[in-house]
Amino acid sequence: MVILAGAFRSKVIAVVRRIPPGRVATYGDVAAAAGSSRASRAVGNIMRTCRSADVPCHRVIAAGGRLGGFGGNLQLKRELLRAEGILVTGSRVKEFTTRRWTRPAPRNKAT
DNA sequence: CTGCTGACTGGTA
DNA sequence: GTACCAGCCAGCA
């Protein structure tokens, strides 16, 4: 897989690919992990323009645990999420706050 | 380079 | 609860 595109885009894609199964991340989280905590819109834009099979865009949702847009394939997204053990009620992720993933557990050196 | 668009977010009404 | 507005950022014409 080759990502010959803007650095931000490749970064966003990398972050999304790092999202482990059974977990979800908001556009804002992905944007923040990519370097811009305010590029949430850009992230969504990247998802739409890129939507590569290597990018589990279905794990990327809007804030508040809402599924977001997804071009109207919310039903598909819902099933994909549910297939990973993520229950979705209407347009909202169940236990979203606990399923929310930002990045690999930051180890505490000085606990 | 300029302008518009959009799978977003938070606030106000 | 829904609806509308303003802000922010990257991609594309």
Side-chain angles (χ1 to χ4, degrees):
Chain A
M1 183 273 273
V2 29
I3 308 174
L4 30 75
F8 188 80
R9 183 153 79 167
S10 55
K11 214 164 203 171
V12 169
I13 292 170
V15 173
V16 175
R17 291 188 74 237
R18 289 175 63 133
I19 301 176
R23 288 276 189 283
V24 294
T26 70
Y27 294 98
D29 287 333
V30 177
S36 299
S37 55
R38 304 196 160 143
S40 47
R41 288 169 65 166
V43 173
N45 216 338
I46 294 166
M47 294 288 97
R48 178 164 66 100
T49 58
C50 197
R51 57 178 178 175
S52 305
D54 303 283
V55 185
C57 36
H58 64 267
R59 289 182 196 154
V60 184
I61 59 178
R66 300 177 306 196
L67 298 192
F70 231 74
N73 293 356
L74 296 183
Q75 187 179 332
L76 173 65
K77 188 172 188 175
R78 189 157 54 209
E79 293 190 47
L80 287 169
L81 291 173
R82 205 169 79 75
E84 302 203 344
I86 303 172
L87 295 188
V88 183
T89 78
S91 302
R92 293 268 289 265
V93 174
K94 202 68 166 171
E95 301 267 297
F96 159 66
T97 49
T98 58
R99 297 214 177 267
R100 183 173 163 181
W101 175 93
T102 49
R103 72 184 83 178
R107 57 252 167 247
N108 299 320
K109 181 168 54 173
T111 18

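So you know, we letter chains A, B, ... as the sequences are listed, proteins then strands, and number each from 1.
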Side-chain donor-acceptor pairs of residues 72-81 of chain A under 3.5 Å, sequence neighbours excluded:
unit_1, atom_1, unit_2, atom_2, d
A/Lys77, NZ, A/Val60, O, 2.4
A/Lys77, NZ, A/Leu67, O, 2.9
A/Arg78, NH1, A/Gly90, O, 2.5

Q. When you look at A/Val93 and A/Ile86, which way does the side-chain contact (heavy atoms from CB on, under 4.5 Å) test go after all the steps?
A. CA-CA 7 Å; A/Val93 174; A/Ile86 303 172; 3.4 Å; yes
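- On the nucleic acid side, DNA chain B contacts chain A at distances under 4.0 Å to non-hydrogen atoms, with the end points of that region at B/dG6 to B/dG10.
- With sequence neighbours excluded, no residue forms a side chain to side chain donor-acceptor pair (under 3.5 Å) with A/Glu95.
- Comparing A/Ala42 and A/Ile61 along DNA chain B, the residue whose closest nucleotide (by nearest heavy atom) sits nearer the 5' end is A/Ala42.
- Looking at heavy atoms from C-beta onward, A/Arg82 lies in side-chain contact with A/Leu87 at the 4.5 angstrom threshold.
- With sequence neighbours excluded, the residues that form a side chain to side chain donor-acceptor pair (under 3.5 Å) with A/Arg100 are A/Asp29.
- Annotated stems with DNA chain C as a participant read B:2-6 with C:9-13, B:8-13 with C:2-7, given as range with range, by first number; only runs of 3 or more Watson-Crick or G-U pairs under 3.5 Å qualify.
- Residue A/Cys50 comes nearest to A/Ile13 through the heavy atom pair SG-CD1, 3.3 Å, listed as atom of the first residue, atom of the second, then distance.
- Using a 4.0 Å heavy-atom cutoff across all strands shown, A/Gly44 reaches at least one base atom of the nucleic acid.
- Sorted by first and then second residue, the side-chain hydrogen bond (donor to acceptor under 3.5 Å, both in side chains) pairs with a member in residues 57-66 of chain A read A/His58-A/Glu84, A/Arg59-A/Glu84; sequence neighbours excluded.
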Q) Nucleotide by nucleotide, 5' to 3', does protein get under 4.0 Å of the base (B), only the sugar-phosphate (S), or neither (-) in nucleotides 1-8 of chain C, counting heavy atoms? A) ------BB
N/O donor-acceptor pairs under 3.5 Å from side chains in residues 30-45 of chain A, not counting sequence neighbours:
none

